[in-house]
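Written below as structure tokens is the structure these notes are about.
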Amino acid sequence: QVQLVESGGGSVQAGGALRLSCVASTHTSNCMGWFRQGPGKEREGVATISSDGETYYADIVKGRFTISRDFAKTALYLQMNSLKPEDTAVYYCAAREFSSCYTDARYFRFWGQGTQVTVSS
């Protein structure tokens with residue numbers, strides 16, 4: 001079992017930035033990712049990163065968000081710049097049991113509790 005704990009959410013004005021962090025209870029070199037669920041919306045993939053650093057970004061966040069990981073600290077990060085009101089959501093950190101990466105939440109077994117990000121206009 002891998003336990004994930006997110007932090008770094010909060011409220012910011014449009015155009016601002018936030019950095020989300022996720023710490024895993026055990027070392028994992030498998031695929032990890034960030035997902036989000038906005039009010040009245042389904043959970044969607046934001047970004048994923050493989051064990052060798054290959055990244056994927058949803059089109060709506062490309063150029064604004066950056067995912068990274070620190071294996072030594074078993075940490076996952078999401079740097080979010082140029083935030084927009086439509087980025088408002090609960091953001092979840094997730095980890096797979098395998099190294100291959102997918103953007104579908106159904107492929108991720110381990111989930112954090114989520115952290116709220118609110119962007120005001």
Residue pair Val2 / Ala24: nearest heavy atoms and the distance that separates them: CG1-CB, 4.0 Å
Do the side chain of Thr118 and the main chain of Ser11 share a donor and acceptor less than 3.5 angstrom apart? no
Inter-residue atom distance Leu20.CG - Arg36.CZ, 0.5 Å rounding: 11.0 Å
Between Phe65 and the options Leu83, Asn81, Thr55, the side-chain contact (heavy atoms from CB on, under 4.5 Å) test singles out Leu83
Are Lys84 and Asp87 ion-paired here, with the side-chain N under 4.0 Å from a carboxylate O? no
Check whether any side-chain heavy atom of Val23 sits under 4.5 Å from a side-chain heavy atom of Leu4, and report yes or no. no
hydrophobic_cluster_shared for Phe98 and Tyr107, side chain cutoff 4.5 Å: no
Stepwise, does the side-chain contact (heavy atoms from CB on, under 4.5 Å) test hold for Leu76 with Ser21? CA-CA 6 Å; Leu76 180 72; Ser21 298; over 6 Å; no
Would you say Arg64's side chain and Ser82's backbone share a donor-acceptor pair under 3.5 angstrom? yes
Of Tyr77, Tyr56, Trp34, which is the lone residue that meets side-chain contact (heavy atoms from CB on, under 4.5 Å) with Ile67? Trp34
Quick check on Gln113: does its CD atom have over 12 non-hydrogen neighbours (other residues, nucleotides or ligands) under 6.0 Å away? yes
Taking all non-hydrogen atoms of both residues into account, name the closest pair between Ala14 and Ser121 and its distance. CB-CA, 4.3 Å
Glu44 side chain reached by Phe35 side chain, heavy atoms, under 4.5 Å: no
According to the interplanar angle, ranging from 0 to 90°, do the rings of Trp111 and Tyr92 count as parallel (below 30°), tilted (30 to 60°) or perpendicular (above 60°)? perpendicular
For the residue pair Arg43 and Arg106, establish whether any side-chain heavy-atom pair is separated by less than 4.5 Å. no
What heavy-atom pair brings Arg109 and Gln1 nearest, and what distance separates the two atoms? NH2-NE2, 3.5 Å
Is it true that Tyr102 and Ile60 fall in one hydrophobic cluster, defined by side-chain heavy atoms closer than 4.5 Å? no
Got Leu18 and Val117 here, is their nearest side-chain heavy-atom distance under 4.5 Å? yes
Quick check for you: to the nearest 0.5 Å, what is the distance between Met32 atom CE and Phe110 atom CZ? 10.5 Å
Distance (rounded to the nearest 0.5 Å) between Cys22 SG and Tyr91 OH: 15.0 Å
What is the minimum heavy-atom distance between Tyr57 and Ala47, and which atoms define it? CD2-CB, 3.7 Å
Interatomic spacing from CD1 in Ile49 to SG in Cys101 - rounded to 0.5 Å: 8.0 Å
Rounded to the nearest 0.5 Å, how far does OG of Ser100 lie from CG of Asn30? 8.5 Å
Heavy-atom donor-acceptor pair, Thr88 side chain to Pro85 backbone, under 3.5 Å: yes
Leu78 CG to Glu6 CD distance, which is reported to the nearest 0.5 Å: 11.0 Å
For Gln3, does the CD atom sit with more than 12 other heavy atoms under 6.0 Å from it, leaving out its own atoms? no
